[in-house]
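Some notes on the structure that comes next.
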Amino acid sequence: MEQILYYVKVSWVSIKRAPLPYALTVFILSLGLGVFFANATFYYQMNSDPLPHKSDKLFFPMMLLVPYECADCKPPSVLSYANVQKLKSSDIPSAEAAMYSSDGYLRLDSTQLPTPVNIRLTEPDFFRMLDVPLLHGAIWPDNKSRQDIVLRKAIALKIFGSTDVVGKQLLLDDRSFAVVAVLDDWQMLPRLYDANNGNHVDEVEDVYIPLETGYDLNYLSNTQSQTFDDADYRQLATDGRSKAMHQLQYWVQLDTPAQQQAYVQFMTNLAEDEKKAGRHPSPVNNQLPAMRDIVAYFGGESGDIKAFALVTLLFLVVCLFNASHLSLNRYLSNQYEFSLRRALGASRWQLQQQMLADVLLMTLFTISGALLIGFGGTKLMNYLWPINALFARWDLTLMLFLLAITLASSYLVTLYPALRASFGALNQQLKE
Amino acid sequence: MIQLKNLSKVFRTELIETHALRQIELQVNEGEFVALTGPSGSGKSTLLNVLGTLEHFDEGDYLLDGQSVRGLSDRQLSALRNEKIGFIFQGFNLIKDYSLLDNIELPLRYRGISASERKRRALEALELVGLAARKDYHPSQLSGGQQQRVAIARAIAGQPRILLADEPTGNLDSLMARQVMELLEQINRQGCTILMVTHDPDQARRASRQVQIVDGQLSDAAMYDPLAVKLA
Ligand SMILES: Nc1ncnc2c1ncn2[C@@H]1O[C@H](COP(=O)(O)OP(=O)(O)OP(=O)(O)O)[C@@H](O)[C@H]1O
Ligand SMILES: [Mg+2]
C-alpha cells in the first residue's frame, strides 16, 4: 500500500513538473472520450433490450391478407379487425393483444382545462406480455368494450394530484371514464411494440382504454391505417370491424420453439384457407418477426445515430493519436528520471508499476473530463434531435463500459511512451 | 571481487564504430580504492558503466563475486545494481522535486525495505556526509559540493560493496573536492571497494591503486604492476 501511494506521489510530482502538457493530454483525451460517450449513450440505449427475458418469445404476425393481387409485396405491418379475429382463433399463444394508438383530451371535469394525451387502445394481455408494473388497481378483465381507463403515473398526478385514484371518474374527450388502474413508473426503452411505425423512440402512452371501446367510440388511429375496397377509415365505429380497414398491431407470446413452429403452420393454413375462400388473390406471404429483431426488421435503426457513431469513433482515434504523441514527449523529457531509477536498481517491472499509477491517475482525470463533456454532448444531441432525448440516460452498465474504455485509452496513451522510456539506453540520460 | 576477462565494447552508429573498450583484463580485490585515469574519450566512463551493468559489453566476460553477469535477467541485474553497487555520477543526478531524504531513500525503496528502516538508513547516510540537518531541503537549495555529498549518501545508503564514482569532484572547487575525497576515503576504510574516475593526479595518487586507460586499453604498467604505479 505504501508503495502504491509512493507511485501515485511520483506520478503527481512528474505531473506538477510540466502541468500544461499533461492538462492538454487529459483534455484531448477527455474530448475524444466525451464525444464518444455522448454518442455511445444513445447507441447503447437505442439498441438495448427492454425485455431481455422474453423479447425472443413475443412475436409480431403479419399476413398478406389484402384484397389485391401482388406477387412480391410485403405484408402490411397492420392487420384488419377481421384478420385479428381469425388469428385469435388459435390457442397456441399464451398471450395475445391487438392494439393501436390515438389522441385525445383528458380532464377531471368540465371546469378543468383539457390535457392532450396519447391513448393506447388495447387488450389486457398487453400489460401482461410487456411486464407493465401496476401501482394501484387492476386492468379490466376481458376484451369487452367498457369505459374504463388506465392512467400512467405522471398523468394521474397531473389530473388528480395523486396516484391512488382508482374508482374515480374523469373525462376523455368529454366522455366519462372510470379509472381502474394506475401504472407504476414504466418507461419501455425502446418501446418495441410500436416499432412498425418507427415510433419506438417515443415515450409510452399516457392512458390506456379497451380496444373495443376505441372502435365503438370511433377513435381513429394516429399512425398507420390502410383501407381497401370501399372502406372509409373515418367510419371506424360502423365499418371498422367488418371492412378491409388495416390498422391493428398484433402481438402474440409463443413460449417454446414448438409453439413457434405450430403458430407458423397455423398462419400458413389460415392464409391457404383464406385464399381458397377467395378473400385474397396474392401469394401466401406470412411474417413472424420476434420483438428482439423488430427494429432491424422494419429498418428503424436511426441512420443519423449510426453515421454519428462512426464519426465519433474516428474522432476518438484521432484524439488518442494526439494524446499519445503528447504523452510520448512528456515521457521522453522524463526519461532521465526513468534511467536514474533504473541505474539505482529499479527493475523494468517496478517501472511498469510506476506506469500503472500514471495510467490510474490519468484515468481519474480523464473520466471526470469525459463525463463532463459527455454530459454536455448528450444535452447538445437532445437539442439537435429532441426525439432521441429519452435515451440520454446513464446506467451502471454503461458507466462501467465507459470506465473500461477510459482505462484502456489511458493505458494506450501511456503504454508506448513508457515502454520506450523504460527500455531506453541507461547511461545516455545520466551523462549531462 | 571484480574480474574483467578480455572485455570489449564497441559503439556502433550509422557513421562509425568506436572501440570504446578493447580486451580489458582487470582484477579488483575487496577493499581496494582504484583510481581510473586517462585522457578524455579514452573509455573511462564506459568502463564504469559496464561495471555498474548500465551498459552491455560485446566480448569477453565480467565476473562479479565469481559470477558472470552475462545472461542475467533484468530483474537479477537490477537487484545486483540495487544491492551490491552504489553509483556516483559526474552530474549528481539528484531528482530536484524530492527532498534530500526522498532522494537518498530511492534505491532502498526498490529493495522493499520498510519505511522506518529506510528513513533510519537514509538519515545515517546523511549524517555521514554531514547534511543531516538539511534532510528536508531540496537539491536546488544546496551548493554543488553539498549536492555531490548527497549523491554519495544515496550511493552508500544501501551499504553497497562497490562504489563506482565517475569524476565525483569534477564539478567542484578544490576545497569541496578535498572534502568529497576525504569522505570517499572514509567509506573505503569501512570496507567498501571503490572505483573512481578522476582527472586529478593528486587524487589519483591518494588511491590505493591507479589504473590508466588509453584509447580503450589499459596501459601496461597498470595491468601488470599496479604497485609500481602507486609508488611512482
Ligand atoms: N553511446 C555512445 N555511442 C557512441 N559512442 C560512444 C557512446 N558513449 C561513448 N562513446 C564513445 O566511446 C568513447 C569512450 O567514451 P567515454 O565516455 O567512456 O570516455 P571518457 O573516458 O569517460 O571521457 P571523458 O573523460 O571525457 O568523460 C568515446 O570515443 C565516445 O565518443
Ligand atoms: Mg567520462
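All chains are named by letter (A, B, ...) in the order of the sequence lines, taking the proteins before the strands, and each is independently numbered beginning at 1.
A salt bridge is absent between Lys9(A) and Asp97(B): the closest approach of a Lys/Arg side-chain nitrogen to an acidic carboxylate oxygen does not fall below 4.0 angstrom.
Residue His325(A) places its NE2 atom among 12 or fewer non-hydrogen atoms of other residues, nucleotides or ligands, all under 6.0 Å distant. Enclosure of atom CZ in Phe27(A) is not indicated, since only 12 or fewer non-hydrogen atoms of other residues, nucleotides or ligands lie within 6.0 angstrom. Residue Lys54(A) qualifies as enclosed at atom NZ: its count of foreign heavy atoms under 6.0 Å is above 12. Heavy atoms from other residues, nucleotides or ligands lying under 6.0 Å from CD of Gln352(A) number more than 12. The number of heavy atoms from other shown groups lying within 6.0 Å of CG (Leu5(A)) is above 12. Atom CZ of Phe375(A) sits in a sparse spot, with 12 or fewer heavy atoms from other residues, nucleotides or ligands closer than 6.0 Å.
Arg341(A) places a side-chain heavy atom less than 4.5 Å from the side chain of Ile95(B). Side-chain contact check for Arg109(B) versus Val10(A): every heavy-atom pair is 4.5 Å or farther apart. Contact check for Tyr110(B) versus Leu344(A): no side-chain heavy atoms found under the 4.5 Å cut-off.
Note that CD of Gln350(A) is 6.5 Å distant from OG of Ser78(B), once rounded to the nearest 0.5 Å. Here the straight-line distance linking atom CD of Glu337(A) with atom CG of Leu106(B) works out to 8.0 Å at 0.5 Å rounding.
For a residue to count as touching a neighbouring chain, one of its non-hydrogen atoms must lie under 4.5 Å from one of that chain's; by this rule Leu94(B) touches chain A with the backbone only. Interface remark: Asp166(B) contributes no atoms to any contact with chain A (heavy atom separation under 4.5 Å).
In this structure a side-chain-to-backbone donor-acceptor pair under 3.5 Å is present from Asp74(B) to Arg348(A). Remark: the backbone N or O of Ser347(A) is not paired with any side-chain donor or acceptor of Arg75(B) at under 3.5 angstrom.
Of the listed residues (His56(B), Arg154(B), Glu83(B), Arg111(B)), the one with the most heavy-atom contacts under 4.5 Å to chain A is Arg154(B).
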